[in-house]
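Encoded as structure tokens, the structure appears first; notes follow it.
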Number of protein chains: 2
Amino acid sequence: MARQDPATTQLKSVRTTFKIVEFLKRETAGSVSEISAHLELPKSTVHSHLATLNQLGYLVNDDGTYRLGYRFVHLGRTIEQSHELRQIVSPTIETLAEETGEQAYFAVEENGLATNVAVAEGENSIRRRFLPGGQARMTSTATGKAILAHLSPERVDEIVRRWGMPPEAPNTITDEDELYTELESIRTAGIAYGRGESIKGVLEIAMPILGDDGRPHGAVEIAGPIKRLDDEAYRETLVDEIETAVNEIEVNLSLR
Amino acid sequence: MARQDPATTQLKSVRTTFKIVEFLKRETAGSVSEISAHLELPKSTVHSHLATLNQLGYLVNDDGTYRLGYRFVHLGRTIEQSHELRQIVSPTIETLAEETGEQAYFAVEENGLATNVAVAEGENSIRRRFLPGGQARMTSTATGKAILAHLSPERVDEIVRRWGMPPEAPNTITDEDELYTELESIRTAGIAYGRGESIKGVLEIAMPILGDDGRPHGAVEIAGPIKRLDDEAYRETLVDEIETAVNEIEVNLSLR
DNA sequence: TAAAGCTATCCGATGCTATCGGACAGCGCT
DNA sequence: AGCGCTGTCCGATAGCATCGGATAGCTTTA
């Protein structure tokens, strides 16, 4: 008999607990019946999970409807604060957004996903706000591609196989060979662009932060509406600002 | 036979998962053996929990040492952002800290604990930083007492029984009768003070936000070193600022 | 006022599955 | 080269998560 799918084995109750947590994350709040209906779980099962989370202090019960509590907020904030790289990078990302007036990001690879570690808004920035911790496929974001370009081919392959390359926006790269040539040109140019590959109408410009050993720590990005960033002269000033930021971060990393 | 202790019944595996999560929250990172040793759990059990959390994307494995991932950060940030009361209150707390130069807080009651929903620092503020989501006993903080003063006696009793009143700092109230007279005077004065009851050397001044039905939504607080706030004239200006903030919040709540 | 149709919560039996000890392989240190 | 540590995997046991049903409390509707 074939081995069980590793994604479905192990600690099923823990898995359903997080299914419930993620449901409440999406829906903000919910009753036992609602959760039970949407997740197709028996009411009594849902209830016992909710009761446990409530006892642990992670869940609040307002007259029959449950919502996630501030204990999770504290958990997340603690993780953020104890992340050294974020501490180093944050001020630079803040000023980058301030100087350019656009959105600025710093992202790292985590579990094969491009993960926003620091996010900042400029005065002209588009309204869609990505929260810290937001994750996206590496293959469809500029930060992701900038990082991928400096990972080993085996690791890139592993990530692509794990998360696939489905179309997310008009220009998403969905072909593996196309991705590899794109990564090659990113490597030589030292800069990655995303033109409506993750979200329609958004242009992203990203450069990697490389360690002394050549391994990528993460990537700095500026994102804005494709129309405004269409002007080549403006785009060049943005690239300049990104280079300054990258330089600053690399210095701060070596001084650590 | 007596009923089982509700704190130890139900979903044991979920409970141990969160034990591990909270260990990693404290220690930033840890190996299987470390966690196994500190929590007195078999290595294989710890491993299967870690593997599950890793599969779910909440945990990152850096060469054998595990740490909590940015998925928890995103979870916490999402909860914060979808909390309406926090959205209303935050700007006021920010300006309160700015105007006074001290630390400013807004806290609510959650699971019987005073829970910081919004925190802000002024330029003179003490360095110890409370993160959003931080929780403390209601009986030892000014925000907690301000809220308790407007809850039903039964609810107060329930909370006190659940969390107890152990000494936390030199002046912590540890006697129930003393607490009740204190709450009575807070109710008539409309203001609560904490004088080194939670943390030595810190003075807290708090006022509740009350709904139309008289039930408390939360409390606004300013905290600072007892020495600086010892000056009565200065303290009065702070109380004035808090009153302004409370008024602003109550207006914004009624306009909702 | 009464009763129907919700709801959340509780209970008890079944059999799945979390647990646990042990075995293995890989690594860095001595 | 060998020792001692590590993380990971396996398999058997029984503990416990699951599930259906029963109950009680609430709001709505007649």
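Worth saying up front: this structure is predicted, and the values here are computed from it rather than measured.
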Under the ring-ring contact (aromatic ring centres under 6.0 Å, His included) rule, collect the residues that match up with H217(A), sequence neighbours excluded.
->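 Listed in chain order: nothing, the list is empty.
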Rounded to the nearest Å, what distance is computed from the [atom1] atom of residue [X] to the [atom2] atom of nucleotide [N]?
X	N	atom1	atom2	value
Q55(B)	dC9(D)	CD	C1'	14 Å
H49(A)	dA8(C)	NE2	P	16 Å
L11(B)	dC19(D)	CG	C1'	13 Å
E34(A)	dT9(C)	CD	C1'	17 Å
D63(A)	dG25(D)	CG	P	16 Å
L50(B)	dT19(C)	CG	C1'	15 Å
I20(A)	dT18(D)	CD1	C1'	12 Å
L39(A)	dT18(D)	CG	P	13 Å

Counting only side-chain N and O atoms of [X], is one of them less than 4.0 Å from OP1 or OP2 of [N]?
X	N	value
S13(A)	dT17(C)	no
T16(A)	dT18(D)	yes
Y66(A)	dT7(C)	no
H47(A)	dT9(C)	yes

DNA chain D contacts among residues 24-32 of chain A, heavy-atom distance under 4.0 Å |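 Nothing qualifies; none.
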Look at all strands and tell whether N61(A) reaches a base, only sugar-phosphate, or nothing, counting heavy atoms closer than 4.0 Å.
->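 The residue N61(A) makes sugar-phosphate contact but no base contact.
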Would you mind listing every salt bridge (charged side-chain N to carboxylate O under 4.0 Å, His left out) that reaches into residues 131-160 of chain B, with sequence neighbours excluded?
->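 The answer is E109(B)-R155(B), R137(B)-E168(B), K145(B)-E182(B), K145(B)-E197(B), R155(B)-E158(B), D157(B)-R161(B).
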Not counting sequence neighbours, list each pair that qualifies as a salt bridge (charged side-chain N to carboxylate O under 4.0 Å, His left out) and has a residue in residues 43-72 of chain B.
-> E22(A)-R71(B), E110(A)-R67(B), D62(B)-R67(B)
Verdict with supporting geometry, T181(A) and D177(A), side-chain contact (heavy atoms from CB on, under 4.5 Å) | CA-CA 6 Å; T181(A) 61; D177(A) 289 334; 5.7 Å; no
Give, for atom CG of N111(B) and atom CG of N54(A), the distance between the pair rounded to the nearest 0.5 Å.
-> 5.5 Å
Earlier contact from the 5' end, DNA chain D, for T65(B) and V14(B) =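 In this pair, the answer is T65(B).
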Test log, rule side-chain contact (heavy atoms from CB on, under 4.5 Å), inputs L53(A) and F18(B) = CA-CA 9 Å; L53(A) 282 170; F18(B) 278 97; 3.7 Å; yes
Donor-acceptor pairs under 3.5 Å, side chain of residues 35-42 of chain B to any protein atom, not counting sequence neighbours: which ones?
unit_1 : atom_1 : unit_2 : atom_2 : d
S36(B) : OG     : L41(B) : O      : 2.7
H38(B) : ND1    : E34(B) : O      : 3.0

Can you label the angle between the F72(A) ring and the F72(B) ring as parallel, tilted or perpendicular, going by 30° and 60°?
->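 Parallel: the ring planes of F72(A) and F72(B) meet at under 30°.
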Let me have a per-nucleotide readout for nucleotides 20-27 of chain C, 5' to 3', with B, S or -, counting only protein heavy atoms under 4.0 Å.
-> BBB-----
Going by atom types only, do S13(B) and S13(A) share a side-chain donor-acceptor pair under 3.5 Å?
-> yes
